[in-house]
Amino acid sequence: MRDVPPITLALLRFGQGTVLLFVGLALFRRDLLRVAPRDLPFLGLLGVLFYTIFPITFNAGMQYVEASRGALLLATMPLWTLMLGRLLTHERLTARQTLGVMTSVAGVVIVIADRGAVAAAGSMKGNALLLTTAWCGALYNLLAKRMVVRYGGVTVTFYAMLFGTLLLIPAPFIEHARGLATMRGETLAMVIFLGAFGGALGFSLWTAALKHLSPTQVSVYINLNPLAATILGATLLHERLSAMFLLGFVAVATGVVIVNWTRGAVKD
């Protein structure tokens, strides 16, 4: 975030992911590149949601909040998925799973209620951007399941990432991003990591999971981000964690456990 503007970072991340997926499919599974032309607009919509709007609001929002708090704000995604799922697809969850989602989201509410999280105007702006990110992710989960059943996770990820990345191409000119070719080695390594593991691999696994689980079940896994972000933020970035934050952290973790423990009760 300090070295690369937010939209440009999204372009570098998903541009790499697109290239890696294309090369892999072209070399080993060329058949997975075939899709019906009538489905391309729908795949384009998925790309706009998850690989254009999602990374822009996420990267921009992370400029205003700490890494661990940003991850917790994304934990609202299961709540939006649950609400939209019932409205659009009539997704059915057990009472225990609904309780798990609400428990997890309650942890997010606790964090936002923390005075340290909302006192500054910058933090409020970051909160709004990251909540928009969570909403886009929830809508993607619901819409992508239709395509995943037809083509598989890797194919859907590739085409959605491709369309979303194409819209990000003007980013360096809009943000006046200069000196990208002379990025420091550490920054370059981080960008490559985000593109390969946090882009091509991570999002392919995420989308593929929609073939086996309901959108809400998949989205609740986003709440594992706070667990990793809290540990890494405290140890590597020396972020200070308040008592309110720790309480929210426990609630998020508890909700994830409840939903995962009962996932076999839901029929796809």
Side-chain angles (χ1 to χ4, degrees), residues 7 10-58 74 77-78 80-93 132-171 194-222 263 266-268:
I7 307 178
L11 172 64
L12 294 174
R13 179 183 186 183
F14 296 123
Q16 288 182 81
T18 301
V19 171
L20 288 172
L21 287 173
F22 176 76
V23 171
L25 292 174
L27 290 176
F28 303 106
R29 289 297 305 273
R30 192 169 299 181
D31 58 300
L32 295 182
L33 289 172
R34 302 190 189 98
V35 297
R38 67 177 183 276
D39 290 326
L40 291 177
F42 196 90
L43 291 168
L45 173 62
L46 296 178
V48 171
L49 284 172
F50 212 46
Y51 299 104
T52 303
I53 301 176
F54 187 101
I56 289 175
T57 54
F58 175 77
L74 282 183
M77 188 185 297
W80 304 123
T81 305
L82 175 63
M83 294 172 61
L84 290 173
R86 289 188 171 182
L87 179 64
L88 301 177
T89 65
H90 306 291
E91 179 186 355
R92 299 179 62 183
L93 298 178
T132 300
T133 304
W135 191 87
C136 287
L139 192 55
Y140 172 86
N141 287 337
L142 291 166
L143 298 178
K145 189 172 180 67
R146 169 182 165 187
M147 289 290 101
V148 170
V149 172
R150 187 174 302 174
Y151 295 115
V154 176
T155 301
V156 173
T157 302
F158 166 69
Y159 279 100
M161 193 176 289
L162 171 63
F163 288 122
T165 301
L166 289 175
L167 294 178
L168 295 172
I169 289 178
L194 288 175
F197 295 95
L201 178 61
F203 283 95
S204 292
L205 293 172
W206 176 276
T207 305
L210 288 167
K211 189 172 184 178
H212 308 284
L213 301 173
S214 71
T216 301
Q217 287 176 289
V218 172
S219 66
V220 79
Y221 279 90
I222 198 71
R263 63 181 183 271
V266 176
K267 295 182 180 180
D268 293 335

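All values reported here derive from a predicted model rather than from experimental measurement.
- No side-chain heavy atom of Phe50 sits less than 4.5 Å from a side-chain heavy atom of Phe14.
- The CG atom of Leu139 sits 12.0 Å away from the CZ atom of Phe54 when rounded to the nearest 0.5 Å.
- What you find for Ala144 and Leu210 is that their closest heavy atoms are CB-CD1, 3.8 Å.
- In terms of heavy-atom proximity, Phe22 sits nearest to Leu33 at CE1-CD1, 4.1 Å.
- Separating the CG atom in Asp39 from the CE atom in Met147 is a distance of 4.0 Å, to the nearest 0.5 Å.
- Looking at Thr207, its side chain never comes within 3.5 Å of a backbone N or O of Ser204 through a donor-acceptor pair.
- Note that CG of Leu142 is 6.0 Å distant from CG of Leu84, once rounded to the nearest 0.5 Å.
- Nearest approach of Ser219 to Asn141, heavy atoms of both residues: CB-ND2, 3.3 Å.
- Looking only at distances, no side-chain donor or acceptor of Lys211 sits under 3.5 Å from a matching main-chain atom of Val148.
- Side chains of Leu201 and Leu20 form no contact here, defined as non-hydrogen atoms less than 4.5 Å apart.
- Leu49 approaches Cys136 most closely through the heavy-atom pair O-CB, 3.7 Å.
- For the side chain to side chain contact (heavy atoms under 4.5 Å, CB included) test, residues two or more places apart in sequence or in another chain that qualify with Thr155 are Leu32, Val35, Tyr151, Tyr159.
- The shortest side-chain heavy-atom distance between Phe58 and Leu74 falls under the 4.5 Å cut-off.
- Counting heavy atoms from C-beta on, the side chains of Phe42 and Leu46 come closer than 4.5 Å.
- Using a 4.5 Å cut-off on side-chain heavy atoms (C-beta onward), Thr157 and Trp206 make no contact.
- To the nearest 0.5 Å, atoms OG1 (Thr81) and OH (Tyr140) are separated by 12.5 Å.
- Within the model, atoms CD of Gln16 and CZ of Phe197 stand 11.0 Å from one another, a figure rounded to the nearest 0.5 Å.
- Contact record, Gly198 with Phe203: O-CE1, 3.0 Å, taken as the closest heavy-atom pair.
- To the nearest 0.5 Å, atoms CG (Leu162) and CG (Leu40) are separated by 9.5 Å.
- Between Lys145 and Pro215, the shortest heavy-atom distance links the atoms CD-CD, 3.8 Å.
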